[in-house]
Structure formats: structure tokens, C-alpha cells
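Here is how names work: the chains are called A, B, and so on, in the same order as the sequence lines, proteins then strands, and each is numbered from 1. Not measured: the values here are computed from a predicted model.
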Amino acid sequence: MMKRTKIKDLLSSTEFGRQVVVKGWVKTFRNDRFIAINDGSTLNNIQAVVDFEHTGEALLKRLTTGAAVSVTGELVESLGKGQRVEVKVTELEILGDSDAEKFPLQPKKHSLEFLREIAHLRFRTNTFNAVFKIRHHLAFAVHQFFYSKGFVYMHTPVITGSDAEGAGEMFRVSTIDFDNIPRNEDGTVDYTADFFGKPTNLTVSGQLEGELAAMAFSDIYTFGPTFRAENSNTTRHLAEFWMIEPEMAFYDIRDNMDLAEELLKYVIKTALENCPDELEFLRNRLLEEEKSKPQNERSDLDLIAKLNFCLENEFERLTYTEAVEVLRNSKPNQKKQFKYPIEGWGADLQSEHERYLVEKHYKKPVILTDYPADIKSFYMRLNDPDAQGRRTVRAMDILFPGIGEIVGGSQREERYDHLVGRMDEIGIPRHEMDWYLDTRRFGSVPHSGFGLGFERLVLFVTGMTNIRDVIPFPRTPKNAEF
RNA sequence: UCCUGAGUAGCUCAGCCGGUUAGAGCAUCUGACUGUUAAUCAGAGGGUCGCUGGUUCGAGCCCAGCCUCAGGAGCCA
């Protein structure tokens, strides 16, 4: 029995005359004669040519879109145009039939909305083949980047007993029988009867645990699933997503920004190097899509040019205070085109403001730093008050065109008294965070870290526009299929 | 959660001012053709018009409620 060869290897082979075995799924079967077969090793199909005059009619009928086949034959130079090599079939076996009347994928363009409904089959389309191949390379590149810098990959818990992480609504983890809830005498739920003996949730961030590890290894990162029970219905939010969270001892906010920018550029460069076919396919797909848009809504750069532009240019760095000035003097603000006009210092920036800065004003990734303390988390390092006495924290958000916030991070507050002061202000009970506060009691050092939304990164690199199309099985409000 | 829009054949969509038997392209099936490239040509089958209720002589179309989806906003990665 001959060993099968992957289609990717065959398409670049010059060993004409060699006997080969190809296994894969039928994309189309044309002219009773030409099978386009794909095995996922490449975006491209190999053409297998059947001698239909000497092949049973019943067998030919089973060559339907989606069927799994094994063909044996000679690798030859193609007689036709459109492909360099093809397989002259001597043996044809159907490994798995696919009922043509029921298989939902057709050799034509499908809407992304429809494909989302059949997410279990959409891997077999060119678009999703390309998207998930790129996703794979990006994930691997993240590990490579940190490995080369001596970071330790840390697995922080998925189930957490802390409810003070302060990053939105959480999913409760429980084994309590909801039809028969154990109660205390006062009627409240008796969590001592639950699996962990107390309320537990799915993690919304591994940051706090990451900080503990950074206080021993200096440089660590996490890369794992993260859960937010927010009722968010947007193209850039998921209830279950993957986040990369490095945490570095002895890093200040500037070191933190440098690392984040270097990481982003490294993984984008890796994608460009390793996925040229996939990116080219997605680039053309986008260009095709833009043809139906009016001129002024089309992008200046195509996908690959956009990624290269991102590599070749420094991210624009400015403080919140500077950004507010830019926005205040901007045309849309003066012409009152913002829905939320920029009036003063202190309010959080709205989507429209971030978009203006990134997409209109600077036209490249922007890193915003030093936000007002009142709109940011308790663990962020407090700056000395400025000349006007305004309190800011050393936060940094990286904003990408079309995506918005892709990275959120900060230098952490390493001073015990300041940290506790902020917790008291916000009303976070000290005793719940005692383990976290220990890092500030025993050998506290300046340190920094950030969270990078992996799916938002994949969105940017693939040029897709809906985050549900860059994760295999999206979990969103009212949707946990498959 | 809020705002806007959509839901008609397996898919993408058309359907006039409320009027008789709801259409097209692709897909599927049948046949023809045989170096095709989402093959081509001819023919056929295929519908609970999202759901529930209402208005009307009559509703795919008008009204109300609900469900689902999409885009935008908020929350954020």
C-alpha cells in the first residue's frame, strides 16, 4: 500500500511519472472527468483526471462536492491550462459519500452569515481555510516570540475564586442543582454546598496570577481562553476568546510599549512570511468585496500593503491629554460632527474619537497612555499630579485601524500604600485580595504587563470584519452551537 | 442592553398601490457533450413568504407582540 502524499507537496513536485496517492475532499467534479481535490494542506486544489470512459457510471455519480476520496495515479504535467501538475487516475475510491442534495456547500460564493450557521462545515471553504491557517501561524509566532526572549509560559487558572478582577461580568461555575438550590436560613444560596465550597467563576483575566509569577520569573506570559459574560453584540466581542497576557518585572510603561509593539510586528511579519498564499487569497477577496462599495469607502491600501505599512512605521505614541487636544482641534469636533463632542479633560474617549485618531488623523496604529485615573483600573501605577493637579495612571492602549483597542495594559502600582488606597476608593475589600497584596509586601518591584486580544489580532491580519469569523466556534449572547 | 435594518425555494435575491396559480440566477435531479477551470447546453422537481395574533371581502405586502440575524452604540481584548 502506497503512502499518501499531501497536496501541498505534490503541487510543488517535479517528479513526473511518479505513482502517487492523494486523499482529500472533492471541491468540484467537472465534465465527468476533472476532480478538484483539497486536503487542507494548502489552499490550492490538485486536479485528478479520471478516465471516465473506463470508469463505472455509478462510481462517477458518487464524485460529489464534499465527498472524501482516495485516488492513485501518475503525477503528470497538466495538458490543460490553469494548473502545472495533475494526477492521471488509475484507481479511484470513495472514502466517504456526500449527498449532493443535502451538502450545503456549493462551488460558489456563500455569505459569511450563512457559513456561520454551518460553522462545522465552513472549514472546508477557501476563506476559512485561509483564516484558520493564519490563526494557527499567529498563535505559534506568539510562542516563538516569547520563547526567544526567555519568557516563561505560565498557565493561570481558568476557574477563579476571585471576583475582584474588575473586568466585567463573569460566568458562574457551579455544580449546584438549579432545580434544588441549597439555602441558608436567611434564604441566600448556601455556597458551602457547592463544588469548591464558595462561589467560583470563569476567568476574565490571568493578570493578577500572572503578576505573582512575574515576581519570581521576571518575565512570564499567559495565552489561554478568557470569558466575559457581557451582553455585547458587536463585530469585535466574544463571550469566550483567547488572550495573551505578558507580565514583566522591572519594566516601566515605556518598556511595556516597546515590547507590545515589537510583539505585534513580529507576529505580523511571521504571517507575511509563512502564509503568502492565504494572505493573497484574502487580499483578493477583499478587493472583490470593495468593488461593490462606493469609492470613498474603499481602503487606500490592500491587505498585504496594510500589513507591510504597519511593519515599516513606528506606532504613534501620545498621552490621553495630547489626544484630547488633537481631538478638540479636529475638524469633526469643530464642525460638530462627533456624536459626543470633546468638551473637557476626564471623559473616556468614544469609539468615534479613537477611530478618528487612528483612521483619519495618524492613519496608523496609535498607543495612548496616561489616562485619567478615574476611568481606569485600581492596579494601574499612579503618576504624580500634573501642573493642574490632575491624576493620571500609566495605562497604555494600542488602537488599530478597523479594530479599535487591540492591546490594553499598564505599568502596575507597586507601592503598597497607593494600591490599598485605590482599592479603598473603589470599594474592593482588602481581605479578598490579600494574596495579591503580598506581592507588594514582599520584595515589590516596578512591573508592567498588557493583554492582547488574540482574535482581534487575527481580525487585523486576515482583514476579516467580524470576530465571529476568526474563531472556529464563536460564543456570543444566545449562541453556543457546536 | 439601546438604536437602525433584515427574515420569501438548499443558497443569493426580486416581488408594483393589498387582488386570482409567488418569480429569477445558482445548486439539485434527468439527458446531451467530453481537456474542463464556480465547465457548457436542454429539460424537470423544489415554497408553512421567521412565529403568533389582528385589520380586511381578500395579506408575502398593513398593524401589534415575540424570535433570530446583521450593522452601529455602550462594555472591553
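- Spacing between U8(B) and C51(B) at atom P, rounded to whole Å, works out to 10 Å.
- Nucleotides A59(B) and C75(B) have their C1' atoms positioned 42 Å apart, rounded to a whole Å.
- At whole-Å resolution of the value, CZ in Phe338(A) and P in G74(B) are 12 Å apart.
- Annotation: G10(B) and U52(B) have their C1' atoms spaced 27 Å apart (nearest Å).
- Counting non-hydrogen atoms of other residues, nucleotides and ligands closer than 6.0 Å to CD of Gln337(A) gives a total above 12.
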Tabulate protein N/O versus nucleotide N/O from nucleotides 68-73 of chain B, keeping only pairs under 3.5 Å, one per line.
| residue | atom | partner | partner atom | Å |
| --- | --- | --- | --- | --- |
| A70(B) | OP1 | Arg116(A) | NH1 | 2.8 |
| A70(B) | OP1 | Arg468(A) | NH1 | 2.8 |
| A70(B) | OP2 | Arg468(A) | NH1 | 3.1 |
| G71(B) | OP1 | Asn466(A) | ND2 | 3.0 |
| G71(B) | OP2 | Asn466(A) | ND2 | 3.1 |
| G72(B) | OP2 | Thr235(A) | OG1 | 3.3 |

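- Across the C1' atoms, U21(B) and C13(B) are found 22 Å apart, a figure rounded to whole Å.
- At the heavy-atom level, Phe454(A) lies nowhere under 4.0 Å from the strands shown.
- Judged by distance alone, with hydrogens and angles left aside, the side-chain atoms of Arg236(A) form no donor-acceptor pair with the main-chain N or O of Arg456(A) at under 3.5 Å.
- Leu115(A) places its CG atom 13 Å from the C1' atom of G10(B), with the value rounded to the nearest Å.
- Taking atom CG of residue Asp348(A) and atom P of nucleotide C75(B), one finds them 6 Å apart after rounding to whole Å.
- Spacing between atom CD1 of Ile35(A) and atom C1' of G35(B) amounts to 14 Å, rounded to whole angstrom units.
- Here the side chain of His110(A) is nearest to one of U34(B), U36(B), C11(B), namely C11(B).
- Between Leu60(A) atom CG and A39(B) atom P there is a gap of 16 Å when expressed in whole angstrom units.
- For the contact set between residues 279-287 of chain A and RNA chain B, defined by any heavy atom under 4.0 Å, there are no members.
- Applying a 4.0 Å cut-off to non-hydrogen atoms, none of the residues of residues 129-146 of chain A approaches RNA chain B.
- Nucleotides A27(B) and G19(B) have their C1' atoms positioned 33 Å apart, rounded to a whole Å.
- Side-chain atoms of Arg172(A) and Thr200(A) include no donor-acceptor pair closer than 3.5 Å.
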Original post:
How is the base pairing of RNA chain B summarised as a dot-bracket string, given the Watson-Crick and G-U wobble criteria with both distances under 3.5 Å, [ ] for crossing and | for another strand?
Top reply: (((((((..((((.....[...)))).(((((.......))))).....(((((..]....))))))))))))....
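- Aromatic rings from Phe145(A) and His143(A) are positioned such that their centres are separated by 6.0 Å or more.
- For the side-chain contact (heavy atoms from CB on, under 4.5 Å) with Lys27(A), the lone residue among Asn38(A), Ile37(A), Thr65(A) that qualifies is Asn38(A).
- For the residue pair Gln207(A) / Tyr379(A), a side-chain donor-acceptor distance below 3.5 Å is found, with atom types taken as modelled.
- Among the protein residues, Leu238(A) comes within range of the nucleic acid bases, having at least one heavy atom under 4.0 Å from a base atom.
- Taking the C1' atoms as reference points, G46(B) lies 9 Å from U28(B), given to the whole Å.
- Each of A77(B), U36(B), U34(B) was ranked by its minimum atom distance to the side chain of His237(A); first place goes to A77(B).
- When the C1' atom of C76(B) is taken as reference, atom CG of Asp397(A) falls 10 Å away, rounded to whole Å.
- Annotation: cation-pi pair Lys306(A)/Phe460(A) present, NZ/CZ under 6.0 Å from the ring centroid and within 45° of its normal.
- One cannot find a donor-acceptor pair under 3.5 Å joining the base of U34(B) and the side-chain atoms of Glu53(A).
- Just one of Val267(A), Val470(A), Ile471(A) meets the side-chain contact (heavy atoms from CB on, under 4.5 Å) condition when paired with Val458(A); it is Val470(A).
- In this structure, the side chain of Glu261(A) engages the main chain of Phe315(A) through a donor-acceptor pair within 3.5 Å.
- Within 4.0 Å (heavy atoms only), Leu79(A) reaches at least one base atom of the nucleic acid.
- Look at CG on Asp32(A): it is 14 Å from C1' on C41(B), rounded to the nearest Å.
- For Tyr153(A) and Phe223(A), the gap between ring centers reaches or exceeds 6.0 Å.
- Considering every non-hydrogen atom in both Leu327(A) and Asn333(A), the closest pair reads O-CB, 3.2 Å.
- Within 6.0 Å of the NZ atom in Lys363(A), the count of heavy atoms belonging to other residues, nucleotides or ligands does not exceed 12.
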Any N/O pairs under 3.5 Å between the protein and nucleotides 42-49 of chain B? List them or say none.
none

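- By the neighbour-count criterion of 12 heavy atoms within 6.0 Å, atom CZ of Phe473(A) is densely surrounded, having more than that number from other residues, nucleotides or ligands.
- Comparing C76(B), A39(B), U37(B) against the side chain of Asn31(A) picks out A39(B) as the nearest.
- Residues His447(A) and Glu211(A) have side chains that bring a donor and an acceptor to within less than 3.5 angstrom of each other.
- As judged by a 4.0 angstrom heavy-atom cut-off over every strand, Phe114(A) is placed among residues touching the sugar-phosphate backbone only.
- Close placement of the Phe132(A) and Phe123(A) rings is indicated, their centers lying within 6.0 Å of each other.
- Proximity of a side-chain donor or acceptor of Glu247(A) to a complementary backbone N or O of Glu245(A) within less than 3.5 Å is not detected.
- Closest to the Arg228(A) side chain, of the nucleotides A39(B), C75(B), A77(B), is A77(B).
- When each of Ile367(A), Ile398(A), Leu368(A) is checked for a side-chain contact (heavy atoms from CB on, under 4.5 Å) with Arg317(A), only Ile367(A) meets the rule.
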Original post:
What string of B, S and - do you get for nucleotides 23-30 of chain B 5' to 3' if you count protein non-hydrogen atoms under 4.0 Å?
Top reply: --BBSSSS
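- At most 12 non-hydrogen atoms from other residues, nucleotides or ligands lie less than 6.0 angstrom from OH of Tyr147(A).
- Going from the P atom of A73(B) to that of U20(B) covers 43 Å, rounded to whole Å.
- The neighbour count for Arg254(A) CZ, taken as heavy atoms of other residues, nucleotides or ligands under 6.0 Å away, does not exceed 12.
- Counting non-hydrogen atoms under 4.0 angstrom, Glu86(A) reaches a base of the nucleic acid.
- Taking atom CD1 of Ile467(A) as the reference point, atom P of C76(B) lies 16 Å away to the nearest angstrom.
- Taken to the nearest 0.5 Å, the CG atom of Leu457(A) stands 10.0 Å off from the CZ atom of Arg135(A).
- One finds the CZ atom of Arg412(A) at 7.0 Å from the CG atom of Asn256(A) (value rounded to the nearest 0.5 Å).
- A distance of about 28 Å separates the P atoms of G23(B) and G31(B), rounded to the whole Å.
- Residue Arg30(A) has no polar side-chain atom (N or O) positioned under 4.0 Å from OP1 or OP2 of U36(B).
- At least one side-chain nitrogen or oxygen of Ser111(A) sits closer than 4.0 Å to the OP1 or OP2 atom of U12(B).
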